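Predicted model only: the values in this text are computed from it and were never measured. Chain A is the first sequence line, chain B the second, and so forth, proteins listed ahead of strands; every chain is numbered from 1.
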Number of protein chains: 2
Amino acid sequence: MSRPKHDVTDAELAVLKELWALGPSTIRELTDRLYPGGATAHYATVQKLLERLEAKRCVKRRGRGRANEYRAVVEVTDLIDHTLRGAAARLCGGSLAPLLTHLVNTTQPDAAQVEELKRLVKRLDRQGGSA
Amino acid sequence: MSRPKHDVTDAELAVLKELWALGPSTIRELTDRLYPGGATAHYATVQKLLERLEAKRCVKRRGRGRANEYRAVVEVTDLIDHTLRGAAARLCGGSLAPLLTHLVNTTQPDAAQVEELKRLVKRLDRQGGSA
DNA sequence: CTCCATTCAGACGAGGTGTCTGAGAATACT
DNA sequence: AGTATTCTCAGACACCTCGTCTGAATGGAG
């Protein structure tokens with residue numbers, strides 16, 4: 001449930017996604033996935049991205065043998081939350097409600113997601129939609 | 001209903017908000033609002049921002065007397081839409097639905113929004129939740 | 001000790017942002 | 001008319017971020 005301090009860039013996000021898929025990994029493991037047959041330069045690139053992700057409080061580092069093991073400390077939902085709040089702050093005076101309304105009007109969820117929505121609405125009904 | 005081609009920066013957004021508030025305006029009018037007692041340098045700043053907004057298809061220009069009159073051709077909802085779709089593309093494989101469920105989960109929708117949600121669910125039910 | 005992989009510090013070019021300068025064209029004032 | 005004021009355009013600028021990369025130091029494994 002950490003909050004990313006700043007926005008995550010595309011290259012950084014690619015590393016994060018790999019971390020989500022692989023679980024805690026070393027730079028080498030990540031590099032081999034992101035740049036198959038990569039040169040030593042790519043290794044350093046991944047390392048720099050991890051360094052910046054660490055500064056943004058998105059990953060944490062721990063020694064594993066001689067190498068370092070990195071693990072993600074943010075989830076997709078954290079990034080979604082951060083993005084949504086940023087958009088609300090810029091465009092809606094900080095309120096998330098207009099975003100919700102907009103999504104309700106423009107979204108085409110699939111069957112499973114409709115089910116989830118029904119459940120959520122039912123729950124909201126039960127607890128009596130407080131402000 | 002235009003679509004902004006690229007993201008709008010903070011300074012550009014400030015100009016846009018002034019345009020939304022004032023309606024079609026000249027650079028002078030905008031400058032006086034954004035930089036009260038502003039020097040001639042500020043005038044050029046606003047002009048550059050309008051030039052970039054025009055390149056991003058967010059404003060249009062028309063001669064008014066000797067000066068130019070600028071008017072916004074995007075609404076807040078266009079920027080919201082653009083932002084939301086960008087977030088969905090980056091974080092949710094392009095689907096907006098996860099954003100919706102996230103908002104429903106993390107905000108306390110008021111009565112009106114719960115009603116909106118119910119209507120959405122009903123509508124989706126009727127048309128048999130397509131992808 | 002030598003070799004190899006990892007780590008660290010820092011550079012680099014490209015691109016974007018916000019600001020500003022200078023010169024030119026059109027208008028108003030006297 | 002001639003001067004001054006306003007607007008416009010083109011372009012520079014310093015700063016920052018992003019993605020990439022180089023070089024040297026470190027530390028085990030053979």
For B:Leu13 and C:dG18, what is the distance between atoms CG and P respectively, to the nearest whole Å? 10 Å
Name the nucleic acid region contacted by B:Glu51, choosing base, sugar-phosphate or nothing; use a 4.0 angstrom heavy-atom cut-off, strictly under. nothing
In this structure, which one of B:Thr26, B:Val46, B:Leu50 forms a side-chain contact (heavy atoms from CB on, under 4.5 Å) with B:Tyr70? B:Leu50
What is the distance from CZ of B:Arg61 to P of D:dC7, rounded to the nearest Å? 15 Å
Output the rounded distance in Å from CD (A:Glu69) to C1' (C:dA5). 18 Å
If only side-chain N and O atoms of B:Asn68 are considered, is one of them under 4.0 Å from the OP1 or OP2 phosphate oxygen of D:dT8? yes
For A:Asp10 and B:Tyr70, take the nucleotide of DNA chain D holding the closest heavy atom to each; which residue's nucleotide lies nearer the 5' end? B:Tyr70
To the side chain of B:Ala67, which of C:dT17, D:dT8, C:dT7 is closest? D:dT8
For B:Glu75, is there any backbone N or O sitting under 3.5 Å from a side-chain donor or acceptor partner on B:Asp78? yes
For B:Glu116, is there an ion pair with B:Arg119 - N to carboxylate O distance below 4.0 angstrom? no
Sole residue of A:Lys48, A:Arg52, A:Lys56 in salt bridge (Lys or Arg N to Asp or Glu O under 4.0 Å) with A:Glu12: A:Lys56
Heavy-atom side-chain proximity of B:Leu91 to A:Leu13 below 4.5 angstrom: yes
Picking from D:dC7, D:dG19, C:dT7, which would you name as closest to the side chain of B:Tyr43? D:dC7
One pair to check against salt bridge (charged side-chain N to carboxylate O under 4.0 Å, His left out): B:Glu69 and B:Arg62. What are the steps and the verdict? CA-CA 5 Å; B:Glu69 179 189 78; B:Arg62 195 179 46 175; 2.6 Å; yes
Rounding to a whole Å, what distance do you find between A:Ile27:CD1 and D:dT20:C1'? 15 Å
What integer distance in Å separates B:Leu53:CG from C:dT17:P? 10 Å
From CG of B:Leu50 across to C1' of C:dT17 the rounded distance in Å is 15 Å
With the side chain defined as heavy atoms from C-beta on, B:Arg28 is closest, among D:dT6, C:dC8, D:dC9, to D:dT6
Rounded distance in Å - CD (B:Glu29) to C1' (D:dC7): 13 Å
Classify every nucleotide of nucleotides 19-28 of chain C by which part a protein heavy atom approaches to under 4.0 Å, writing B for the base, S for the sugar-phosphate alone and - for neither, in 5'-to-3' order. BBB-----S-
Check whether any side-chain N or O of A:Thr83 sits under 3.5 Å from a backbone N or O of A:Asp81 as a donor-acceptor pair, and report yes or no. no
